[in-house]
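Shown next, in structure tokens, is the structure this report addresses.
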Protein chains: 2
Amino acid sequence: MGVSLRDIAERAGVSLATVSNVVNGYRPVGERTRQRVQQAVDELGYSPNLSARHLRRGRTGLIALAIPELNNPYFAELAEIAIREAAGLGYTLVMENTAADREAELLLLDGSRRHIIDGLIFSPVRIGREEVLARTADSPLVLIGEGVHDVPHDHIAIDNVAASQAAIQHLVEIGRRRIAFIGAADGGDRQSAHLRLRGYREALAAAGLPYRPRLVAGTPEFGRRDGRTAMRDLLALGEPPDAVFGYNDLVAVGALRALTEAGHRVPEDVAVIGIDDIEEGLFSTPTLTTIAPDKEAIGRLAVRRLVARIEGAEVTDALTVQTPFRLIRRESTCGRRGGNSGAVAPPFRYRPPDGS
Amino acid sequence: MGVSLRDIAERAGVSLATVSNVVNGYRPVGERTRQRVQQAVDELGYSPNLSARHLRRGRTGLIALAIPELNNPYFAELAEIAIREAAGLGYTLVMENTAADREAELLLLDGSRRHIIDGLIFSPVRIGREEVLARTADSPLVLIGEGVHDVPHDHIAIDNVAASQAAIQHLVEIGRRRIAFIGAADGGDRQSAHLRLRGYREALAAAGLPYRPRLVAGTPEFGRRDGRTAMRDLLALGEPPDAVFGYNDLVAVGALRALTEAGHRVPEDVAVIGIDDIEEGLFSTPTLTTIAPDKEAIGRLAVRRLVARIEGAEVTDALTVQTPFRLIRRESTCGRRGGNSGAVAPPFRYRPPDGS
DNA sequence: CTGAAAGCGCTAACAT
DNA sequence: ATGTTAGCGCTTTCAG
């Protein structure tokens with residue numbers, strides 16, 4: 001094994017506790033003593049054994065971020081932010097991919113892994129309020145996304161209904177009337193798909209447009225392939241749509257591809273919009289108009305709330321934060337070519353998050 | 001705290017050691033005893049405290065995967081595979097994003113984090129052989145990618161020179177003569193960029209084509225933006241190229257975008273090929289021809305080798321494995337439209353990896 | 001086949 | 001300001 005506190009203590013001629021205090025700064029230490037200890041630490045190359053520390057403290061220093069699709073760039077970007085934030089606070093973040101699987105989600109809530117992590121940031125899609133309430137593990141839980149509401153845990157998400165409305169409103173403003181939605185949850189269990197569908201319907205109503213069920217396409221999952229397949233089906237309709245709202249950017253990219261393959265012009269024949277603002281949408285042909293959530297805010301806030309809870313801030317009630325989003329207009333709805341960065345509209349709606 | 005071995009032991013009226021043996025199966029246990037213990041475990045809901053186990057065993061059950069760009073879908077896909085494989089072997093994988101930063105890479109090799117992980121899978125890009133040899137940490141290390149060679153560690157990678165050659169050869173076969181390369185390492189420290197450049201040069205020579213330094217574009221990093229910028233520069237040349245080989249798919253996608261913006265047709269005017277086979281290339285317009293490494297093999301092998309070392313297989317020498325790759329022809333070099341999955345060429349070169 | 005007991009390295013309560 | 005000491009929960013000899 002490596003160098004332990006005891007080795008340092010002997011070398012420096014002091015007690016274990018003193019070394020610990022020099023290393024961690026729990027208690028003040030005399031200047032001369034500190035120097036002797038520091039020297040020993042440097043010479044022997046000490047670094048603490050985390051297993052021991054964690055055993056003693058009852059914490060592991062690990063937090064988990066559980067997401068339904070690691071392959072979705074949106075989550076990859078979110079993960080990157082969260083990892084950075086966690087590291088800054090002295091925690092190591094491990095990623096758990098539930099693959100949108102119900103069993104995996106249940107296991108995460110109460111499985112044996114729970115003993116290895118101090119807290120969990122969770123984006124559930126296949127379980128509901130009941131399951132979260134039934135959880136027995138007592139480590140802090142922060143929810144992200146719209147999967148579950150009204151549970152006694154911190155919760156961070158954008159307002160999906162409002163986001164959808166913003167998307168549809170934009171399509172209406174550029175003169176579209178037959179607006180399709182791709183990515184309604186087929187199985188019926190992805191809450192955010194329902195909310196985005198609701199926003200779609202409400203925005204249509206507000207614009208005085210009829211709701212046509214045939215223009216709503218369900219998808220088994222929410223990747224590029226799903227978007228492409230659904231778009232093909234939509235095109236097979238007698239009268240195809242003149243605009244498409246994708247559940248997310250991945251679905252929208254798939255729709256884009258199907259349209260191109262079928263020889264339709266975007267946005268002239270069909271306009272396309274998504275949600276997530278993944279970098280890919282800035283480079284697709286045409287570039288993709290999107291609703292951009294504030295990933296930075298979501299990732300950082302989630303980690304900060306979680307760490308605050310872990311470190312004992314039981315004071316506040318569970319709080320729900322709506323993070324801001326904005327509409328980014330690009331070629332897929334505007335028809336401009338050659339722009340190298342989508343024009344940024346002023347925030348459609350901005351609710352400044354409550355700092356941790 | 002939770003339920004401990006002691007709780008179970010008391011409940012079942014046996015000793016600690018027996019419970020441990022029932023739970024872990026280290027030693028045989030009498031049938032009746034085992035049942036009593038099992039019952040207690042079920043009733044009380046025991047699951048082992050990993051910190052304690054790790055302290056005792058001197059291992060943490062954590063392995064790290066350190067990559068230079070989490071945002072690159074290639075690495076995200078690789079990570080997903082590795083996480084799955086690690087979980088199957090009873091390990092938790094944590095991701096470390098070095099962001100291609102030299103300091104971050106050095107820290108990983110010898111920093112304090114090393115005490116928290118049992119082993120490291122590392123894709124270095126800014127450090128070289130010397131630094132790896134100078135490493136003092138003694139936990140197992142598996143290298144992936146071409147960053148560092150000839151060190152006493154297991155190493156898994158594709159043959160970058162051969163991969164480049166395959167790419168160039170393909171471009172030559174479809175009649176291209178002015179072939180550019182985007183993604184030479186500007187700073188000069190990304191080894192794989194050098195190797196891919198070498199393959200490019202050798203393949204040009206083999207085809208009897210001249211090497212034109214002006215057709216080689218360096219990039220500061222290797223993302224979509226870099227590809228786009230470099231492509232623009234290339235187009236500003238008096239006589240632009242008729243084909244482009246991107247360091248990776250991301251760079252190629254950026255080049256694709258620059259070409260489209262500038263009004264060039266792909267592949268008629270300029271053919272484009274990349275390396276990595278990210279899903280995005282299957283949905284871009286045009287779809288992207290690419291050299292596809294066997295990510296599944298790389299990810300699984302890396303984890304398996306590492307775990308084998310951790311668990312004491314000191315027997316074999318460090319082994320270097322070349323994983324297979326293949327050329328996938330899509331629209332960006334073939335001009336076919338409407339195909340929904342790129343035609344798959346037979347493997348250009350296949351070296352079956354040595355199973356762990 | 002089962003039990004008793006010695007720590008793994010660290011922190012924190014209690015002394016001095 | 002510093003030292004002593006009792007465990008955290010587990011694995012693993014060594015005895016029976």
Side-chain angles (χ1 to χ4, degrees), chain A residues 1-38 40-41 44-62 90 112 114-118 139 310-312, chain B residues 1-38 40-41 44-62 90 112 114-118 139 310-312:
Chain A
M1 281 273 73
V3 182
S4 76
L5 272 193
R6 175 198 225 96
D7 299 326
I8 306 292
E10 280 173 5
R11 170 86 142 194
V14 296
S15 77
L16 276 178
T18 301
V19 180
S20 177
N21 286 326
V22 169
V23 174
N24 300 291
Y26 297 133
R27 294 192 304 195
V29 174
E31 188 47 32
R32 294 193 40 155
T33 325
R34 114 163 293 113
Q35 291 203 352
R36 273 217 314 287
V37 172
Q38 190 58 52
V41 165
L44 269 46
Y46 169 78
S47 65
N49 178 316
L50 295 184
S51 294
R53 173 178 291 174
H54 295 151
L55 171 58
R56 180 60 229 237
R57 292 218 269 227
R59 290 204 223 123
T60 64
L62 253 44
S112 73
R114 73 182 180 182
H115 281 288
I116 202 189
I117 56 167
D118 293 338
S139 56
I310 290 171
E311 298 183 348
Chain B
M1 282 273 75
V3 181
S4 76
L5 273 192
R6 175 196 225 98
D7 299 325
I8 306 293
E10 281 173 5
R11 169 87 139 191
V14 297
S15 77
L16 278 178
T18 300
V19 179
S20 177
N21 287 325
V22 169
V23 174
N24 300 291
Y26 297 131
R27 293 191 305 194
V29 174
E31 189 47 33
R32 296 193 37 155
T33 323
R34 114 163 291 112
Q35 292 204 350
R36 272 218 313 287
V37 172
Q38 191 58 53
V41 165
L44 269 48
Y46 168 78
S47 66
N49 177 318
L50 295 182
S51 293
R53 173 178 291 174
H54 294 150
L55 171 58
R56 181 60 229 240
R57 291 220 268 229
R59 292 204 223 122
T60 65
L62 254 43
S112 72
R114 74 182 177 180
H115 281 287
I116 203 190
I117 56 167
D118 293 337
S139 57
I310 291 170
E311 298 184 347

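All values below come from the heavy atoms of this structure, side chains included, with hydrogens, waters and symmetry mates left out. Reminder, nothing fancy here: chain letters follow the sequence lines and each chain counts from 1.
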Given atom [atom1] of [X] and atom [atom2] of [N], what is their separation to the nearest angstrom?
X     : N      : atom1 : atom2 : value
A/Y26 : D/dA1  : OH    : P     : 18 Å
A/R36 : D/dG3  : CZ    : P     : 8 Å
A/R56 : C/dT11 : CZ    : C1'   : 4 Å

Considering only heavy atoms and no angle criterion, is a donor-acceptor pair shorter than 3.5 Å present between the side chain of A/R27 and the base of D/dT2? yes
Does [X] have a side-chain nitrogen or oxygen under 4.0 Å from the phosphate oxygens OP1 or OP2 of [N]?
X     : N      : result
A/S4  : C/dG9  : no
A/S20 : C/dT11 : yes
A/T18 : D/dG3  : yes
B/Y46 : D/dC10 : yes
B/N24 : D/dT11 : yes

Does the side chain of [Y] come within less than 4.5 Å of [X]'s, by heavy atoms?
X     : Y     : value
B/L62 : A/L62 : yes
B/T33 : B/V14 : yes
B/N24 : B/R53 : yes

Mind checking B/N21 for me? I need base, sugar-phosphate or nothing, with any heavy atom below 4.0 Å counting as a touch. nothing
Need one value for A/T33: base, sugar-phosphate or nothing, where a base atom within 4.0 Å counts as base even if backbone is also close, heavy atoms only. sugar-phosphate
Would you tell me whether B/D118 and B/S139 have side-chain atoms, one donor and one acceptor, within less than 3.5 Å of each other? no
Residue mapping more 5' on DNA chain C - nearest nucleotide basis, B/A17 or B/R57: B/A17
How do B/V29 and A/S51 order along DNA chain C: which one's closest nucleotide is nearer the 5' end? B/V29
